[in-house]
Protein chains: 2
Amino acid sequence: MRLIVARCEVSYAGRTSTVLGEAVRLLMCKADGAFMVWADGGSPSVKPINWMAPPTVLEEERDGRGSLTRIAVRRDAGAERMEIAISEVISESEHEIDTGASLAKEGVEREIQDLLCEAPHFCGEGMRLVRREWPTDIGPVDLMCRDGEERWVAIEVKRVAGIDAVAQLSRYLERIRRDPEMRSCRGILAAKSIKPQARVMAQAEGIDCVELDVEVLRGEREPELTLFGSS
Amino acid sequence: MRLIVARCEVSYAGRTSTVLGEAVRLLMCKADGAFMVWADGGSPSVKPINWMAPPTVLEEERDGRGSLTRIAVRRDAGAERMEIAISEVISESEHEIDTGASLAKEGVEREIQDLLCEAPHFCGEGMRLVRREWPTDIGPVDLMCRDGEERWVAIEVKRVAGIDAVAQLSRYLERIRRDPEMRSCRGILAAKSIKPQARVMAQAEGIDCVELDVEVLRGEREPELTLFGSS
DNA sequence: AGGTACATCTCGGGT
DNA sequence: ACCCGAGGTGTACCT
């Protein structure tokens, strides 16, 4: 990875076009072709002010003393491009950084889905998993189950559920119910946290809400009596 | 801004939890309190593998020779935390980097909305803007207009419109039409590009689609005869 | 290649 | 503080 601290102007043209006046910035050039321009404060804080995602082609110009004067980054046959005009190089270094290794994440939607598949009864007594990623012609619904009364139940799993999650499940239900056998399929929105507006919209659409406690799902803690106290 | 290249282990616990085994990584510590851990390849390429957004509290430990051995980053009273155990420091530097300056973006949704406000007739003959960001109880619709026949028209502006945009406009229309005076309000989805599936869904919901040419909106180019060739 | 959904999304604007 | 929507979203997965 190359790290360059330089006084520079940056212009980008592609999906939009931007110009950054002269200032001291960090230029970060990853081995995978990603190129980023960083400022040190303000917004955005955890995002570069300008960047090019790989694959990119880099072109450099140096003056007679070997000092960087210009960097051009191209992508998509030049449809996207960034130009860095450098007036002063303050630091230039290169380091061997390891490539990203496996990173296990816990608590994301996939894990909640995994846990719920093992214990669907947390969405209602007698609930049984029929199929995960049940296909519809506009995308798969996370879980398809049958409840204690043999009724079909489509479950949409989210980490945090907003109104978009309700809209998503509604779209699926509309498709699913076109099958005469599934006409009475009901919907459950299951999430670690459900926004108030999403609850209101879910109620209006006849969709049940279940807030999940991941530690309970994992079996690390006993469920509390109020677990099903939603709707 | 501080840049540290070090062999280290990283663990994060907060919104999710992750563990990263020992490897050489770049640690980036911004003046605004943002902290990032970078690998050099793999995915995601333009995002750090681990990070903490400001505000953060940093805590460092050094050995007898003054070499970094541990960094702890805390946030939100310790609810979110990252621990970096350092076995070898390869490089450590600090630079004065300028704070983010103003960055003008063109071609994003806001600019399209601006241009459309100045020239609503691109969404239909006789179209007049009544109000921008027309409020509903589930959020504002981008533009509220009246067409040549005095009919209300709600316009949702997007850069790229997918089915989620159609769903969003449908939700707004459902609310808007609860007002008896607006019962016949129609909807237009206006975007630089509209996905085929979104067109299908829009047609099913009686929503019109208008694909916009930003250069024409800006007055840089003459409209082509097929501008309204949508449905 | 195109469509769909997830993300520790991040970020800005509103209430 | 929370909610909502935009993003040059990026990224994986599927068709």
Side-chain angles (χ1 to χ4, degrees), chain A residues 12-18 34 42-54 75-76 79-82 103 105-113 133 135-142 156-165 167-169 171-172 192-198 200-201, chain B residues 12-18 34 36-37 42-54 75-76 79-82 100 103 105-113 133 135-142 156-165 168 171-172 192-193 195-198 200-201:
Chain A
Y12 165 81
R15 310 191 204 186
T16 179
S17 35
T18 63
S43 297
S45 70
V46 92
K47 261 176 74 172
I49 47 177
N50 245 322
W51 74 95
M52 293 277 281
R75 209 190 109 112
D76 203 17
E80 233 176 313
R81 66 179 62 189
M82 193 153 72
L103 170 64
K105 288 182 189 175
E106 293 178 357
V108 294
E109 179 183 318
R110 179 53 194 250
E111 195 208 357
I112 302 172
Q113 214 186 101
E133 306 286 341
T136 77
D137 54 358
I138 51 166
V141 70
D142 291 329
E156 180 63 34
V157 179
K158 284 273 179 289
R159 202 178 66 89
V160 179
I163 56 173
D164 52 339
Q168 190 187 355
L169 180 51
R171 286 201 300 272
Y172 289 146
K192 262 169 67 172
S193 118
I194 300 176
K195 310 259 185 196
Q197 295 275 23
V200 172
M201 187 174 163
Chain B
Y12 164 80
R15 310 189 209 186
T16 178
S17 36
T18 62
M36 287 166 267
V37 180
S43 297
S45 69
V46 92
K47 251 178 87 172
I49 46 176
N50 251 320
W51 72 94
M52 295 275 282
R75 207 191 112 112
D76 202 16
E80 229 174 319
R81 66 179 66 182
M82 192 155 69
L103 171 64
K105 286 182 191 173
E106 295 177 358
V108 294
E109 180 183 320
R110 180 54 193 247
E111 195 207 358
I112 303 173
Q113 213 185 103
E133 306 286 340
T136 77
D137 55 358
I138 51 166
V141 70
D142 290 329
E156 179 65 32
V157 179
K158 283 274 179 289
R159 200 177 63 89
V160 179
I163 57 172
D164 51 340
Q168 191 186 351
R171 289 201 299 272
Y172 289 144
K192 260 169 69 172
S193 118
K195 309 245 184 193
Q197 296 276 21
V200 172
M201 186 173 164

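Throughout, protein chains are lettered first and strands after them, A, B, ... in sequence-line order, and every chain is numbered starting at 1.
- Between the base of D:dG8 and the side chain of A:E80 there is a donor-acceptor pair shorter than 3.5 Å.
- As rounded to whole Å, 11 Å separates atom P of D:dC13 from atom CD of A:E133.
- A sub-4.0 Å separation between OP1 or OP2 of D:dC4 and a side-chain N or O of A:Q197 is present.
- Distance check on atom P: C:dT8 versus C:dT4 gives 23 Å, rounded to whole Å.
- Distance, B:I49 CD1 to C:dA7 P: 18 Å, rounded to whole Å.
- Of the side-chain N and O atoms in A:Y172, one or more sit less than 4.0 angstrom from OP1 or OP2 of C:dA5.
- Contact check, A:K105 against C:dT8: a side-chain N or O comes under 4.0 Å of OP1 or OP2.
- Using a 4.0 Å cut-off, some side-chain N or O of A:Q168 falls inside it from OP1 or OP2 of C:dC6.
- In this structure, B:E111 places its CD atom 13 Å from C1' of D:dG8, rounding to the nearest Å.
- The phosphate of C:dC6 (OP1 or OP2) has no side-chain N or O of B:R15 nearer than 4.0 angstrom.
- D:dG8 atom P lies 12 Å from atom CD1 of B:I112, rounded to whole Å.
- Using a 4.0 Å heavy-atom cutoff across all strands shown, B:D164 reaches no nucleic acid atom at all.
- Side-chain N/O atoms of A:K195 include none lying less than 4.0 angstrom from OP1 or OP2 on D:dC2.
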